[in-house]
Trainee: 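Got a structure for you, written out below as structure tokens; questions coming shortly.
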Amino acid sequence: MKITPAQPGDVTKLLAFREEAATWLTQLGSDQWQRPYPADRLLATIRSGTVFMVLDGDATAATITLTPEAEEGLWTEQELGEPSMFVNKLTVARTHAGQNLGGRLLDWAGDRAYRAGAKWLRLDAWTSNDALQRYYLQQGFEHVRTVLEGGAVNGGPRVSGWLAQRRAAPTKHGFVDAAPAAQRLLAEK
């Protein structure tokens with residue numbers, strides 16, 4: 001499997017991918033991702049070079065957004081002063097479930113963050129999705145706190161404020177990495 005940057009023409013595919021995940025989450029009893037994600041926001045993140053796709057031949061097996069930009073209102077000034085990269089929208093196709101693709105993608109993200117000079121790989125997860133939170137804990141993340149105040153980037157109240165982090169570190173993730181090297185992060189503020 002190969003990791004490659006998403007391209008502007010992938011917007012429709014990635015939005016459909018997210019809808020598939022939302023349907024699956026609903027079947028599990030979760031309200032996660034029930035509000036549509038704005039296509040213009042997704043296109044902007046694709047253009048910024050922070051959205052990646054895992055390809056299994058011609059099939060999109062997974063996607064992840066990895067960015068040095070934190071969502072506003074989640075992390076403290078002190079935390080933001082530490083070099084970090086942030087995982088968003090990690091999604092695995094149901095056709096590729098059960099293959100530890102999510103765990104390998106988190107390892108890839110931690111490796112990429114480390115190579116960019118990050119100390120931390122951080123994320124915010126859905127506050128009401130206990131199974132997802134347990135999953136991240138099993139992947140070596142430590143819960144930092146839960147933030148409920150504020151709004152969601154796609155409207156409405158904040159719903160993704162369970163914050164966790166793990167040290168960025170080099171790993172063997174097993175992907176063919178076709179993404180350009182990550183830009184080095186600026187030194188601590």
Trainee: Does Pro5 reach the side chain of Val51, with side-chain heavy atoms less than 4.5 Å apart?
Mentor: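 The answer is no; the side chains never approach within 4.5 Å.
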
Trainee: Could you check if a side-chain atom of Met53 sits within less than 4.5 angstrom of a side-chain atom of Gln7, using non-hydrogen atoms only?
Mentor: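 Contact flag for Met53/Gln7 side chains = no.
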
Trainee: How long is the gap from CG on Leu80 to CD on Glu69, to the nearest 0.5 Å?
Mentor: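 It comes to 10.0 Å.
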
Trainee: Surrounding CZ of Arg145 (heavy atoms of other residues, nucleotides or ligands, distance under 6.0 Å), is the total greater than 12?
Mentor: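 Count over threshold, so yes.
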
Trainee: Grab the two heavy atoms, one from Met85 and one from Arg112, that are nearest each other, plus how far apart they are.
Mentor: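 Residues Met85 and Arg112, closest heavy atoms: SD-O, 4.4 Å.
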
Trainee: Could you pull out the closest heavy-atom pair between Ile64 and Ala109, with the gap in Å?
Mentor: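 For Ile64 and Ala109, the tightest heavy-atom pair comes out as CD1-CB, 4.0 Å.
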
Trainee: Tell me whether Arg122 is salt-bridged to Glu142, with the criterion being a basic N under 4.0 Å from an acidic carboxylate O.
Mentor: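 No, this pair does not count.
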
Trainee: Is there a side chain to side chain donor-acceptor pair (under 3.5 Å) between Trp120 and Glu82 once you walk through the steps?
Mentor: CA-CA 8 Å; Trp120 297 108; Glu82 300 169 323; 3.2 Å; yes

Trainee: Main chain of Lys89, side chain of Thr91: is a donor-acceptor contact present, judged purely on distance under 3.5 Å?
Mentor: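 Present.
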
Trainee: Specify the closest pair of heavy atoms between Leu121 and Gly110, including all atoms of both residues, with the distance to one decimal.
Mentor: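 Looking at all heavy atoms of both residues, the closest pair is CD2-N, 3.6 Å.
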
Trainee: Kindly compute the distance separating CD1 (Ile3) from CG (Leu55), expressed to the nearest 0.5 Å.
Mentor: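 Result: 9.5 Å between the selected atoms.
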
Trainee: Please walk me through it: do Thr67 and Thr45 pass side chain to side chain contact (heavy atoms under 4.5 Å, CB included)?
Mentor: CA-CA 9 Å; Thr67 177; Thr45 57; over 6 Å; no

Trainee: Take Val144 and Trp75 through the test side chain to side chain contact (heavy atoms under 4.5 Å, CB included) and record every step on the way to the result.
Mentor: CA-CA 10 Å; Val144 176; Trp75 300 91; 4.1 Å; yes

Trainee: Show your reasoning for whether side chain to side chain contact (heavy atoms under 4.5 Å, CB included) applies to Arg184 and Arg115.
Mentor: CA-CA 8 Å; Arg184 294 286 299 171; Arg115 293 179 194 287; 5.6 Å; no

Trainee: Let's go through His96 and Val54 carefully: what are the C-alpha distance in whole Å and the side-chain angles of both, what is the deciding distance for side chain to side chain contact (heavy atoms under 4.5 Å, CB included) to 0.1 Å, and is it a yes or a no?
Mentor: CA-CA 11 Å; His96 289 75; Val54 176; over 6 Å; no

Trainee: Are any of the side-chain heavy atoms of Leu106 and Arg166 separated by less than 4.5 Å?
Mentor: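 Yes, their side chains come closer than 4.5 Å.
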
Trainee: Any chance CD of Gln99 has more than 12 other-residue heavy atoms, nucleotides or ligands included, within less than 6.0 Å?
Mentor: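 Result for CD/Gln99: enclosed.
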
Trainee: About how many Å separate CG of Asn88 and OG1 of Thr50, when rounded to the nearest 0.5 Å?
Mentor: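 Between Thr50 OG1 and Asn88 CG, I get 8.0 Å after rounding to 0.5 Å.
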
Trainee: Measuring from Asp107:CG to Thr171:OG1, what's the distance to the nearest 0.5 Å?
Mentor: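 Interatomic distance, Asp107 CG to Thr171 OG1, rounded to 0.5 Å: 4.5 Å.
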
Trainee: Are Trp162 and Leu90 linked, directly or through other ILVMFWY residues, by side chains that come within less than 4.5 angstrom of each other?
Mentor: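 Trp162 and Leu90: one cluster.
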
Trainee: So, Gln165 side chain and His143 main chain: donor-acceptor pair closer than 3.5 Å or not?
Mentor: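 Such a contact is absent between Gln165 side chain and His143 backbone.
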
Trainee: What heavy-atom pair brings Ile46 and Ala6 nearest, and what distance separates the two atoms?
Mentor: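 Smallest heavy-atom distance, with atoms named: CG2-O, 3.4 Å.
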
Trainee: Could Asp130 and Arg134 be called an ion pair, given the rule that one side-chain N must be under 4.0 Å from one carboxylate O?
Mentor: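 Not counted as a salt bridge, because no side-chain N and carboxylate O are separated by less than 4.0 Å.
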
Trainee: Centroid separation under 6.0 Å, is that true for the rings of Phe52 and Trp108?
Mentor: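 Aromatic pair counts; centres sit under 6.0 Å.
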
Trainee: Measure the spacing between CG of Asp124 and CZ of Phe86 and express it to the nearest 0.5 Å.
Mentor: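 Between atom CG of Asp124 and atom CZ of Phe86 there are 9.0 Å.
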
Trainee: Short question: side chain of Asp56, backbone of Ala61 - any donor-acceptor pair under 3.5 Å?
Mentor: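 Judged by distance alone, no pair lies under 3.5 Å.
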
Trainee: Would a 4.5 Å heavy-atom cut-off, applied to side chains only, mark Thr60 and Lys13 as touching?
Mentor: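 In short, these two side chains touch, coming nearer than 4.5 Å.
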
Trainee: Quick one: closest heavy-atom pair of Ala118 and Ala168, and the distance?
Mentor: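 So the two residues come closest at O-CB, 3.5 Å.
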
Trainee: Measure the spacing between CG of Leu74 and CD of Glu72 and express it to the nearest 0.5 Å.
Mentor: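 Taking CG in Leu74 and CD in Glu72, the distance rounds to 9.5 Å.
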
Trainee: Count I, L, V, M, F, W, Y as connected when their side-chain heavy atoms are under 4.5 Å apart, and connections chain through other members. Are Leu66 and Leu101 then in the same cluster?
Mentor: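 Linked, Leu66 and Leu101 end up in one cluster.
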
Trainee: Check whether any side-chain N or O of Asn129 sits under 3.5 Å from a backbone N or O of Leu132 as a donor-acceptor pair, and report yes or no.
Mentor: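 Such a contact is found between Asn129 side chain and Leu132 backbone.
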
Trainee: Do Tyr136 and Leu105 belong to the same hydrophobic cluster, where Ile, Leu, Val, Met, Phe, Trp and Tyr are linked whenever their side-chain heavy atoms lie under 4.5 Å apart, directly or via other members?
Mentor: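 Both belong to a single hydrophobic cluster.
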
Trainee: Does CZ in Phe175 sit with more than 12 non-hydrogen atoms of other residues, nucleotides or ligands closer than 6.0 Å?
Mentor: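 Atom CZ in Phe175 is crowded, with more than 12 foreign heavy atoms closer than 6.0 Å.
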
Trainee: Could you pull out the closest heavy-atom pair between Gln133 and Ser128, with the gap in Å?
Mentor: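 Result for this residue pair: NE2-N, 4.2 Å.
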
Trainee: Would you indicate whether the side-chain heavy atoms of Leu163 and Thr146 approach each other to under 4.5 Å?
Mentor: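 With C-beta onward as the side chain, the pair stays apart.
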
